[in-house]
Number of protein chains: 2
Amino acid sequence: MKRAKKKAFAEFMSQRGLKSTKQRDIILDSFLSSDRHLSIEELYLKLRSKHPNIGYATVYRTLKLFAEAGIAREMQFGDGQTRYEHVSEGEHHDHLVCTRCGHIEEFENEAIEKLQDEVAESHGFLIERHRLELYGLCATCRK
Amino acid sequence: MKRAKKKAFAEFMSQRGLKSTKQRDIILDSFLSSDRHLSIEELYLKLRSKHPNIGYATVYRTLKLFAEAGIAREMQFGDGQTRYEHVSEGEHHDHLVCTRCGHIEEFENEAIEKLQDEVAESHGFLIERHRLELYGLCATCRK
DNA sequence: CGCCATCATGAAAGTGATATCCATTGACAT
DNA sequence: ATGTCAATGGATATCACTTTCATGATGGCG
């Protein structure tokens, strides 16, 4: 899975005539081996300890590149930071966001998707994408 | 309806020991008699022509106040601006957002809400609120 | 190899929207 | 009418990006 994404990214890069660099390799590794909803800041800080020579701008640009390459997706959960999540081919999911600890869980629900399609249709609307987020307290924070 | 909200806001203000001012009255009137999804900027510009003496900061603070008072709600639709929509008591709705013209339609769907509750329950999650937005092309822009 | 046209990098500066500061003004209980 | 404390608005600060620019790498070509 990590391998598949690395390959996909490498292909995207060569198609666009972009270069492979140490920084990009490091950032990709770190991104793939981390939590699914990192912000630029978080990833930057995570890298900073082992690779103090990687700049914020590079992390920023590289994450954008991941998004363009289709291996990451930009998401907003209302905390003022853009987060990047891993994209797995053909898979779609929505989110449960804990308002206390910030923890994000994912879920999938076919029935909801179907109902969304019906709503769109009844409004003559053509859906490109959607977002569904449930905010509240996660199981741990309820106690 | 406008009357009810004015009253609700007045009550909120006096409970908090806050003062009634010309500016707040004007901003509330303008907010209530406008489109349901205004940004600060939009409301500020709308007011500017008739009331050039009202500052941006006042519009900003007053909208926040509306949100605290429960007569408005802050929303993000991904265009980089916070929008304020009217809150009608006990009513909840979701949104269809046109990615071409920016038009926002509202809809309600009980069945979807019910399924959301089930999802939350199965994760031990306690829902406080949710957001559901369908992005795509509105009926007009499809042509 | 060595060249060199390009692309990439990182520090710093720029942006745009939101948030706060502060000197002045206004509201309202007494 | 007056004192007190909140409100106002212009200006400034903040925050999270986003872009600039001088310097450093990359990799195709001879």
Side-chain angles (χ1 to χ4, degrees), chain A residues 9-31 37-69 72-84 102, chain B residues 9-31 37-69 72-84 102:
Chain A
F9 185 59
E11 268 172 36
F12 170 82
M13 296 298 274
S14 77
Q15 271 183 5
R16 299 259 286 237
L18 302 177
K19 291 170 182 172
S20 143
T21 68
K22 276 198 268 318
Q23 288 91 335
R24 283 172 178 170
D25 289 348
I26 292 167
I27 295 170
L28 179 54
D29 265 334
S30 185
F31 175 68
H37 302 93
L38 284 178
S39 65
I40 301 168
E41 181 85 15
E42 285 167 351
L43 187 49
Y44 171 64
L45 291 176
K46 183 178 167 185
L47 287 167
R48 206 169 163 52
S49 47
K50 294 193 108 155
H51 306 280
N53 52 322
I54 292 183
Y56 182 97
T58 300
V59 177
Y60 162 79
R61 284 181 294 228
T62 305
L63 282 173
K64 287 271 181 209
L65 220 46
F66 292 171
E68 282 185 69
R73 185 185 295 123
E74 300 185 339
M75 307 249 33
Q76 307 271 159
F77 294 106
D79 65 347
Q81 296 202 203
T82 299
R83 290 173 185 285
Y84 288 79
Chain B
F9 185 58
E11 269 172 35
F12 169 82
M13 295 298 274
S14 77
Q15 272 183 4
R16 298 260 285 237
L18 302 178
K19 292 169 182 170
S20 144
T21 67
K22 276 200 271 310
Q23 287 91 334
R24 284 173 176 168
D25 290 348
I26 291 168
I27 294 170
L28 180 54
D29 265 335
S30 185
F31 175 67
H37 304 92
L38 283 179
S39 65
I40 300 169
E41 179 86 16
E42 285 167 352
L43 187 48
Y44 171 65
L45 291 177
K46 183 179 168 186
L47 287 167
R48 205 169 162 55
S49 46
K50 292 194 109 153
H51 307 278
N53 50 322
I54 293 182
Y56 186 97
T58 300
V59 177
Y60 164 80
R61 284 181 295 229
T62 304
L63 282 172
K64 285 274 180 209
L65 220 45
F66 292 171
E68 282 186 70
R73 185 186 295 123
E74 300 186 338
M75 307 249 36
Q76 307 270 160
F77 294 107
D79 65 346
Q81 297 203 199
T82 298
R83 291 174 182 282
Y84 289 79

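Scope of the values below: all heavy atoms of this structure, side chains included, with no hydrogens, waters or symmetry mates. Naming convention: chains lettered A, B, ... in sequence-line order (proteins, then strands); numbering from 1 in each chain.
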For A/S30 and A/K46, the nearest pair of non-hydrogen atoms, with its separation, is O-NZ, 3.4 Å
Practice prompt. Answer whether the closest heavy-atom distance between the side chains of A/L18 and A/R24 falls below 4.5 Å.
Written response: yes
A/M75 CE to D/dA16 C1', in whole Å, measures 18 Å
Note: B/L28 and B/F66 closest approach over all heavy atoms is CA-CZ, 3.5 Å
Going 5' to 3' through nucleotides 11-24 of chain C and flagging B where a protein heavy-atom sits under 4.0 Å of the base, S where only the sugar-phosphate is that close, and - otherwise, we get B-----SBBBB---
The ring pair (Phe, Tyr, Trp, His ring centres under 6.0 Å) partner of B/Y44 among B/Y60, B/F31, B/Y56 is B/Y56
Rounded to whole Å, CD of A/Q15 lies from C1' of C/dC7 at a distance of 18 Å
B/Q76 and B/T82: CA distance, side-chain angles, deciding distance, side chain to side chain contact (heavy atoms under 4.5 Å, CB included) verdict: CA-CA 5 Å; B/Q76 307 270 160; B/T82 298; 3.0 Å; yes
- Go through the steps to decide whether B/L65 and B/E68 satisfy the test side chain to side chain contact (heavy atoms under 4.5 Å, CB included), and finish with yes or no. CA-CA 5 Å; B/L65 220 45; B/E68 282 186 70; 4.1 Å; yes
To the nearest angstrom, the CD1-C1' distance between B/I26 and C/dG26 comes to 14 Å
Rounded to whole Å, the CG-P distance (A/L43 to D/dA16) equals 16 Å
Given protein heavy atoms under 4.0 Å, the one-letter contact record of nucleotides 24-29 of chain D, with B base, S sugar-phosphate only and - none, is simply --BS--
In whole angstroms, the gap separating C1' of C/dT6 from CZ of A/R16 amounts to 16 Å
Of B/E41, B/E42, B/E74, the one forming a side chain to side chain contact (heavy atoms under 4.5 Å, CB included) with B/R83 is B/E42
When rounded to whole Å, the CE to C1' distance for the pair A/M13 and C/dC7 reads 10 Å
Original post:
Would you say a side-chain N or O of B/R24 is under 4.0 Å from OP1 or OP2 of D/dT8?
Top reply: yes
Notebook entry, point to check: Between A/R48 and A/I54, is any pair of side-chain heavy atoms under 4.5 Å apart?
Noted result: no
A/E42 CD to D/dC17 P, in whole Å, measures 10 Å
Heavy-atom closest pair (A/L63 atom, A/Y84 atom, distance to 0.1 Å) is O-CE2, 3.6 Å
Here the distance between atom C1' of D/dA6 and atom CD of B/E68, to the nearest Å, is 15 Å
